[in-house]
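Let me begin by presenting the structure, written as structure tokens, before commenting on it.
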Number of protein chains: 2
Amino acid sequence: MEQEKLQHIQVKPNSFECSITTDIAVFGYVEDRFKILLTKRTVGDFKNHWFLPGGVMESNETLVDCAQKVLFALTGFKDIHFEQVRTYGDLERHPLKRVITVCFYALIKPENHPIALKENVESIEWFDMENIPENLGFDHARLINDAHMHMKDNLKDKLIVGELLPEKFTLAELQNLYENIFSIKLDRRNFRKRIFQMDILENTNEKKTGVKGGPFLYRYKENR
Amino acid sequence: MEQEKLQHIQVKPNSFECSITTDIAVFGYVEDRFKILLTKRTVGDFKNHWFLPGGVMESNETLVDCAQKVLFALTGFKDIHFEQVRTYGDLERHPLKRVITVCFYALIKPENHPIALKENVESIEWFDMENIPENLGFDHARLINDAHMHMKDNLKDKLIVGELLPEKFTLAELQNLYENIFSIKLDRRNFRKRIFQMDILENTNEKKTGVKGGPFLYRYKENR
DNA sequence: CGAAAGTATGTATTTTTGACACAATAGAAA
DNA sequence: TTTCTATTGTGTCAAAAATACATACTTTCG
């Protein structure tokens with residue numbers, strides 16, 4: 001009786017077959033453009049549809065562990081930082097069975113992470129964000145859209161740029177990133193003012209060589 | 001073989017016992033104060049700990065369906081609007097077994113929803129947000145905190161006030177709600193200006209009676 | 001070395017935000 | 001009814017923030 005009550009509240013096992021998966025929207029920043037990594041299925045019912053990289057979760061891993069594992073299995077990427085977007089649990093989102101997926105996003109520079117095709121992946125490609133294929137599987141069009149919005153929100157107020165910039169970077173590089181992410185043009189002098197007001201950068205007093213003007217290199221402050 | 005590939009990517013069933021639950025942070029607005037609904041367990045290992053209302057998901061329900069069902073089972077509340085906060089999947093968050101929970105929040109007026117204790121609930125109570133009990137179970141302190149932040153964010157830019165206001169309301173009522181949620185004092189005239197700039201309200205040209213000053217009643221515009 | 005490109009900094013201008021006063025309205029008290 | 005009081009509705013003005021813009025300095029490249 002006591003056990004029954006307890007169970008009711010939280011511990012009763014699920015009585016159905018259900019997969020929990022993670023899907024990852026990997027955004028790549030290359031040559032001032034944003035890309036997204038999609039995989040294509042060339043077999044089965046969803047032939048010729050593009051999907052976010054994703055896969056099922058196992059018992060001994062956290063959500064982030066799973067995302068890490070899945071992405072490594074499909075691409076060979078390691079040490080990626082993930083941010084959770086949201087969870088999707090509609091009944092008909094997967095036609096074969098019940099699949100609940102937790103969606104993450106990541107921000108990387110593709111040049112740091114060459115795709116090393118692993119396991120049985122048929123095809124995996126970077127797509128320009130302005131040129132995403134029409135034939136997306138399941139509800140992944142929505143997932144991509146939500147992840148993109150979430151990334152921009154995170155950047156605006158938390159300034160999470162992942163590994164898009166090297167440890168030491170110039171203000172021009174940071175501004176360029178901003179302009180690309182938000183598709184806007186900013187005044188150099190005003191941008192500088194705003195960033196310094198935020199008080200999150202420190203000047204390394206080193207100058208970047210090989211580039212005109214001799215700009216200072218900055219880094220993020222420790223305590224953020 | 002083809003099937004195997006397909007399965008690897010997304011369809012392989014989970015090979016472990018795992019509960020998927022939803023936990024709901026129900027925020028109540030009463031007498032200009034915010035409350036949160038917590039349940040107490042008086043039996044089992046987690047005796048005398050307070051928890052968010054929550055319960056396991058079944059095969060035929062979406063995440064929101066589940067939240068609806070769970071809240072109804074525990075309190076009798078119906079027709080509540082939910083917003084998803086985030087999903088928690090750490091390995092040790094539940095000591096007895098693996099439990100992944102999707103957290104939602106809701107905003108209601110307790111006076112509209114008297115608690116009708118159902119099933120085997122031992123104790124369920126409204127707590128002042130400034131006076132939340134110390135002995136919260138599992139990671140529910142974090143869940144409450146995250147849900148609270150998320151609610152405030154949603155209000156700031158999307159103005160999602162749930163059912164906290166009647167269909168037609170005065171600007172003073174709206175301002176009062178704002179001031180309480182964000183614990184700030186606002187200038188009446190400036191608040192009015194800001195809200196009208198948002199262009200989300202329309203004047204019903206009716207006046208509220210029984211209150212001094214004869215304020216106009218407003219409602220949200222259709223197309224939001 | 002000079003030209004070209006880019007950085008760093010200061011100042012003026014516009015826009016947004018915040019502070020503030022007073023007449024009109026409706027309920028409450030006389 | 002009349003008076004009193006609490007609350008609504010509206011406009012102006014100053015401060016602050018965002019934006020536009022000019023000029024001097026630094027480095028690369030031919």
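In this text the structure is predicted, and so the values were computed from the model without any measurement.
- Between F196(A) atom CZ and dT7(C) atom P the separation is 12 Å, expressed in whole Å.
- The separation between K185(A) atom NZ and dA20(D) atom P is 13 Å, rounded to whole Å.
- With salt bridges taken as basic N to acidic carboxylate O contacts below 4.0 Å, one links R219(A) and E167(A).
- Atom CZ in R192(A) sits about 17 Å away from atom P in dT19(D), given to the nearest Å.
- Between R142(A) and D146(A) a salt bridge is recorded (basic side-chain N to carboxylate O distance below 4.0 Å).
- The nearest whole Å value for the distance from the CG atom in L171(A) to the P atom in dA8(C) is 6 Å.
- Going from atom CD of Q175(B) over to atom C1' of dG18(C) covers 14 Å, rounded to whole Å.
- Under the 4.0 Å criterion applied to side-chain N and carboxylate O atoms, K40(B) and E125(B) are not assigned as salt-bridge partners.
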Give the B/S/- string for nucleotides 21-30 of chain C, one per nucleotide from 5' to 3', where a protein heavy atom under 4.0 Å of the base yields B, of only the sugar-phosphate yields S, and otherwise -.
B---BSS---
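- Here dT7(C) presents its C1' atom at 15 Å from CG of L174(A), a figure rounded to the nearest Å.
- Considering all non-hydrogen atoms of both residues, E61(A) and C66(A) come closest at OE2-CB, 3.6 Å.
- For the pair R192(B) and D187(B), the salt-bridge criterion is not met [side-chain N within less than 4.0 Å of a carboxylate O].
- One N or O on the side chain of K69(B) and one on the backbone of V56(B) form a donor-acceptor pair closer than 3.5 Å.
- Each of R194(A) and D187(B) lies near DNA chain D, and the nucleotide nearest D187(B) is the one positioned closer to the 5' end.
- Here dC13(D) presents its P atom at 15 Å from CG of N190(B), a figure rounded to the nearest Å.
- If you take NZ of K193(B) and P of dG9(D), they are 15 Å apart, rounded to a whole angstrom.
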